[in-house]
Amino acid sequence: MTVAAGAQHCSEFFVGGGIGMSTLQYKITGTERSNGFGGNVKLGYTYLFLPEWGITTGVEMAFYNTSLSISSYTNSYEINNPAYPAGYQFIVTETGSGYEEQQKATFIQIPLMLKSRHPGIVTFYISAGVKLAIPLQTTYSGSFSEFSIKGYSEYTNQVHENEPEYGFSTYQQMPASGDMILKIGALLAVEAGLEGRISRMLKFYIGIYFDYGFTNFLPSSSDYQVSTLQFNNNIPVVYSSAVNAQAPKLVPLAVGGTLRFSINSKAFKSVEKRKRTSRIIGDACDCLYQGSL
């Protein structure tokens with residue numbers, strides 16, 4: 001009875017990480033998307049309210065990478081000119097080819113997961129729950145092999161195409177980079193594997209993990225486009241990521257292997273107290289390692 005009662009209060013701190021496919025999923029018509037590799041580092045805490053059941057939380061830093069390519073791109077939009085009479089617009093037409101873009105995202109993730117242990121010849125564990133994902137740094141970089149901008153005035157019936165001082169020209173190897181705009185979202189998270197005993201107070205966990213976003217990480221605003229003409233700037237084109245400009249939805253996806261090491265919280269007691277209660281603590285926590293490697 002003493003062992004069972006003590007086990008109900010056992011808890012542990014852990015540090016670890018994971019590596020594998022870690023990508024941003026979205027769909028844009030006419031593009032090819034490639035998954036990237038990434039991973040995570042984590043600090044956490046598990047409280048076992050029963051020998052086989054516990055709750056895990058903590059903080060993670062997760063890294064995602066994705067790339068896309070667009071063989072050809074065409075877009076047009078209207079610009080209001082206050083000098084024009086009502087009903088007349090200035091229309092900008094863009095064409096591009098050979099666009100490649102790389103996207104990188106770093107999230108702070110806060111998990112809340114229910115853990116189940118299954119002691120046997122080896123001890124198997126599985127955890128499931130949710131993670132709050134907060135964008136920390138989200139960037140993109142890329143370039144068009146060729147990019148052209150033309151303008152047409154409905155009022156003057158004039159085409160503008162060879163006027164680089166106003167941004168109307170054809171550009172070779174036009175670079176693009178900046179911040180990709182994402183918002184806070186939530187992930188479904190599952191982890192499973194084996195736990196092994198290093199010492200009475202130390203353990204290791206090795207397994208696999210799966211994280212998948214179930215909310216849209218893109219802002220609802222549709223005010224993004226691949227480029228915006230800047231008439232009074234000698235850099236004529238300012239880009240938005242193709243994701244912000246054209247994707248209706250984006251969710252992170254991560255699948256990989258994980259390794260972490262844990263220490264029982266009772267190891268932080270004073271040396272003198274541990275000596276006085278070492279036998280009791282050992283008995284109380286032995287159930288946590290039942291069947292461990």
Count I, L, V, M, F, W, Y as connected when their side-chain heavy atoms are under 4.5 Å apart, and connections chain through other members. Are [X] and [Y] then in the same cluster?
X: M113; Y: I110; value: no
X: V251; Y: L253; value: yes
X: F14; Y: L202; value: no
X: L114; Y: Y209; value: no
X: Y26; Y: I70; value: yes

Give a yes or no answer on whether the side chain of [X] reaches the backbone of [Y] with a donor-acceptor pair at less than 3.5 Å.
X: T57; Y: P111; value: yes
X: N216; Y: L250; value: yes
X: N65; Y: L24; value: no
X: E101; Y: A242; value: yes
X: E161; Y: K150; value: no

Does the side chain of [Y] come within less than 4.5 Å of [X]'s, by heavy atoms?
X: L194; Y: T123; value: no
X: F63; Y: F37; value: no
X: I208; Y: T258; value: no
X: Y64; Y: M21; value: no
X: Y152; Y: V92; value: no
X: N244; Y: P219; value: yes
X: E32; Y: L68; value: no
X: Q25; Y: R33; value: yes

Assess, by modelled atom type and distance only, whether the side chains of [X] and [Y] contain a donor and an acceptor separated by less than 3.5 Å.
X: T95; Y: T74; answer: no
X: T56; Y: T46; answer: yes
X: E146; Y: Q172; answer: yes
X: T170; Y: S148; answer: yes

### Message
side-chain contact (heavy atoms from CB on, under 4.5 Å) for Q109 and V59? Distances and angles first, verdict last.
### Response
CA-CA 6 Å; Q109 298 180 168; V59 62; over 6 Å; no
- request: On the 0 to 90° scale, with breaks at 30° and 60°, tag the Y212-F210 ring pair as parallel, tilted or perpendicular.
  value: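 Taking F210 first and then Y212, their aromatic rings lie parallel (interplane angle under 30°).
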Could you give the distance from [atom1] ([X]) to [atom2] ([Y]), rounded to the nearest 0.5 Å?
X: Y205; Y: S127; atom1: OH; atom2: OG; answer: 8.5 Å
X: K203; Y: E195; atom1: NZ; atom2: CD; answer: 4.0 Å
X: S22; Y: N35; atom1: OG; atom2: CG; answer: 10.0 Å
X: K249; Y: K27; atom1: NZ; atom2: NZ; answer: 10.0 Å
X: T93; Y: I149; atom1: OG1; atom2: CD1; answer: 10.5 Å

Step-by-step side-chain contact (heavy atoms from CB on, under 4.5 Å) determination, E60 to I108: CA-CA 6 Å; E60 305 174 353; I108 296 296; over 6 Å; no
(request) Evaluate the criterion side chain to side chain donor-acceptor pair (under 3.5 Å) for residue pair S72 and S97; output intermediate values, then yes/no. (result) CA-CA 4 Å; S72 62; S97 62; over 6 Å; no
- Going through the distances and angles, do F147 and Y73 end up as a side-chain contact (heavy atoms from CB on, under 4.5 Å)? CA-CA 9 Å; F147 192 83; Y73 166 79; 4.2 Å; yes
Start with the C-alpha gap between K115 and E12, add the side-chain angles, then the distance that decides, and say whether salt bridge (charged side-chain N to carboxylate O under 4.0 Å, His left out) holds.
CA-CA 13 Å; K115 176 181 177 180; E12 60 186 18; 3.7 Å; yes
Ring pair (Phe, Tyr, Trp, His ring centres under 6.0 Å) filter on F217, not counting sequence neighbours, yields F107
Identify all side-chain donor-acceptor contacts of residues 179-191 below 3.5 Å with residues at least two apart in sequence or on another chain.
unit_1 : atom_1 : unit_2 : atom_2 : d
E191   : OE2    : Y125   : OH     : 2.7
E191   : OE2    : R260   : NH1    : 2.5

Practice item. Decide ring pair (Phe, Tyr, Trp, His ring centres under 6.0 Å) for F13 and Y45; before the verdict, give the C-alpha distance in whole Å, the side-chain angles of both, and the deciding distance to 0.1 Å. Key: CA-CA 4 Å; F13 296 92; Y45 172 80; 5.0 Å; yes
If you apply the rule side-chain contact (heavy atoms from CB on, under 4.5 Å), what do you find for S262 with F204, and how did you get there? CA-CA 6 Å; S262 71; F204 71 89; over 6 Å; no
Charged N-O contact under 4.0 Å between E52 and R117: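 A salt bridge is absent here (no side-chain N lies under 4.0 Å from a carboxylate O).
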**Asked** Taking the six-membered ring for Trp, are the ring centroids of F144 and Y99 within less than 6.0 Å of each other?
**Response**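 Ring centres of Y99 and F144 closer than 6.0 Å.
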